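Computed from a predicted model, the values in this text were never measured in an experiment.
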Amino acid sequence: MSFDDSIQQLRNEQLANQLDAERFISVKSLFEQLKQRYVDQSYQTLCLMALKKYRSTGNQPSLYWFSYGRWSDISSGAFLQLLDNNGAPNLGTPHYYHNAEAALRAVSDDIMKTDDLADCGFVRTEISAALEITLDSAMPQLSGGEQVNSDLQAENLTLKGKIEALEKRLSAPIEKAETYAAKREEFLIAVIASLYDKNRLNSLKDSLPKAPELLRLVERKIPLIWPEEGCFPMSEEQCLKNLREAINLLGNDVTDLYQLREEKRQAQKIRKFKH
C-alpha cells in the first residue's frame with residue numbers, strides 16, 4: 001500500500017469514526033442530557049421512567065458497545081466475562097451490561113460519576129423515538145473511547161494547520177530573489193564585522209561573545225524568529241562558520257565582500273573540476 005493509500009485509508013477511518021459519534025449516543029451521555037433537561041429529578045427517577053418507556057415501545061432499540069474506536073453490536077469483553085475463574089456463569093461482572101435493560105437499570109447517581117456507562121449506548125434516532133424525546137446532536141460530555149476519538153481529531157486539525165503554515169512560509173517568494181538576499185546578507189555581515197572591529201574595540205572586545213556563544217544566543221531566540229521551523233535555516237556548523245567569517249572580516253587582508261564571494265566561487269569550480 002502506497003503512502004497516499006495509507007493516508008486515504010486513515011481519512012476514511014476518521015470519517016467513519018466521526019459519523020459513528022454523530023449516529024450513536026452512550027448511556028452516560030443520554031442520561032446527562034436528560035438530567036440537564038429535568039434538573040429537579042434524580043438519576044434513579046430518570047432511570048425508572050426511561051425503563052418504563054423502553055419496555056412499552058413496540059420496537060426496542062438494541063444496545064451497542066464502543067471499543068477500538070468504533071461502535072459495534074458485539075461487546076469486546078462479552079466472551080471474556082461470561083464465566084468466572086471457576087467456570088461458573090459470571091452474572092455479577094461489573095461494568096458489563098449484556099443488554100439494553102441491564103444498562104438502563106444500572107443508572108444511578110453514583111455510577112454517573114464514573115465512565116462505566118460511557119462505552120455502551122444506542123443508535124441516537126432509535127432511543128430518541130423509543131423515549132419520545134429530542135436529543136441534542138452534540139453530546140454534552142465525551143468520555144472513555146469517545147473522548148480519545150475527539151482528542152485525535154483535534155490533534156489532527158492542529159497538525160494540519162501547522163503543516164499548511166510551514167508550507168506557506170517555505171513557498172513565499174523572496175523579494176527580488178537572489179539579488180536581494182545577497183545584498184541583505186552583505187549588510188548583516190558588515191554589521192557584525194563592524195561590531196567586532198578591533199580598531200573600534202580594544203579592552204572592550206572581550207565583553208562581546210565569541211562565535212559559539214553568539215550562536216547559542218541566537219539559538220535561544222529560535223522560537224521567536226523561526227517559530228514554525230523550530231531550527232536554524234541552515235546547519236549549525238554552517239551558521240557557526242558564517243559567524244566566524246563575519247566576526248573576523250575586518251581583520252583579513254581582503255575585506256571586499258564581492259571579491260571574497262568571487263574567490264569562493266573560483267575555489268568551488270576548481271574543487272569540482274578536480275573531482
Hey, does [Y] have a side-chain heavy atom less than 4.5 Å from the side chain of [X]?
X	Y	value
Pro209	Leu217	yes
Pro212	Arg244	yes
Asn99	Leu63	no
Ile133	Ile127	no
Val107	Leu117	yes
Ser108	Tyr43	no

So that I can tick it off, tell me whether Glu32 and Lys35 are bridged by a salt bridge, with the cut-off set at under 4.0 angstrom between side-chain N and carboxylate O.
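Here Lys35 does not pair with Glu32 in a salt bridge, since their nearest N and O are not under 4.0 Å apart.
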With a 4.0 Å cut-off, would you call Glu237 and Lys241 a salt bridge?
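Salt bridge: no.
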Is it true that, when you exclude Asp253 itself, more than 12 heavy atoms of the residues, nucleotides or ligands shown sit nearer than 6.0 Å to its CG?
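Not buried by this count: 12 neighbours or fewer within 6.0 Å.
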Over 12 foreign heavy atoms within 6.0 Å of CG, Asn59
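It does not: Asn59 CG has 12 such atoms or fewer within range.
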Rounded distance [0.5 Å steps], [atom1] in [X] versus [atom2] in [Y]:
X	Y	atom1	atom2	answer
Ile192	Leu249	CD1	CG	10.0 Å
Leu243	Glu213	CG	CD	12.0 Å
Leu131	Leu104	CG	CG	7.5 Å

Shared ILVMFWY cluster between [X] and [Y], side chains joined below 4.5 angstrom?
X	Y	value
Tyr54	Leu135	yes
Ile111	Leu48	no
Met234	Val218	no
Phe31	Val39	no
Ile25	Met49	no

Applying side-chain contact (heavy atoms from CB on, under 4.5 Å) to Arg124 and Arg23, what does each step give before you reach the verdict?
CA-CA 6 Å; Arg124 188 182 298 269; Arg23 183 185 175 202; over 6 Å; no
Test log, rule side-chain contact (heavy atoms from CB on, under 4.5 Å), inputs Ser72 and Trp65:
CA-CA 5 Å; Ser72 171; Trp65 292 267; 5.8 Å; no
For a side-chain contact (heavy atoms from CB on, under 4.5 Å) check, start with the C-alpha distance between Leu30 and Ser26, then their side-chain angles and the critical distance, and finish with the verdict.
CA-CA 6 Å; Leu30 169 64; Ser26 69; over 6 Å; no
Does Glu236 have any side-chain hydrogen bond (donor to acceptor under 3.5 Å, both in side chains) partners at least two apart in sequence or in another chain, and if so, which?
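Glu236: side-chain hydrogen bond (donor to acceptor under 3.5 Å, both in side chains) contacts with Arg216.
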List the residues meeting salt bridge (Lys or Arg N to Asp or Glu O under 4.0 Å) with Glu132, not counting sequence neighbours, and say none if there are none.
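Per chain and number, Glu132 pairs via salt bridge (Lys or Arg N to Asp or Glu O under 4.0 Å) with Lys53.
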Strictly distance-based, threshold 3.5 Å: is any side-chain N or O of Gln238 a donor or acceptor partner for the main-chain N or O of Ser235?
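A pair under 3.5 Å: no.
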Does either side chain, that of Thr125 or that of Ser128, offer a donor lying less than 3.5 Å from an acceptor on the other one?
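No donor-acceptor contact under 3.5 Å links the two side chains.
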Relative to each other, are the rings of Phe24 and Trp71 parallel, tilted or perpendicular (30° and 60° limits)?
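Phe24 and Trp71: parallel rings.
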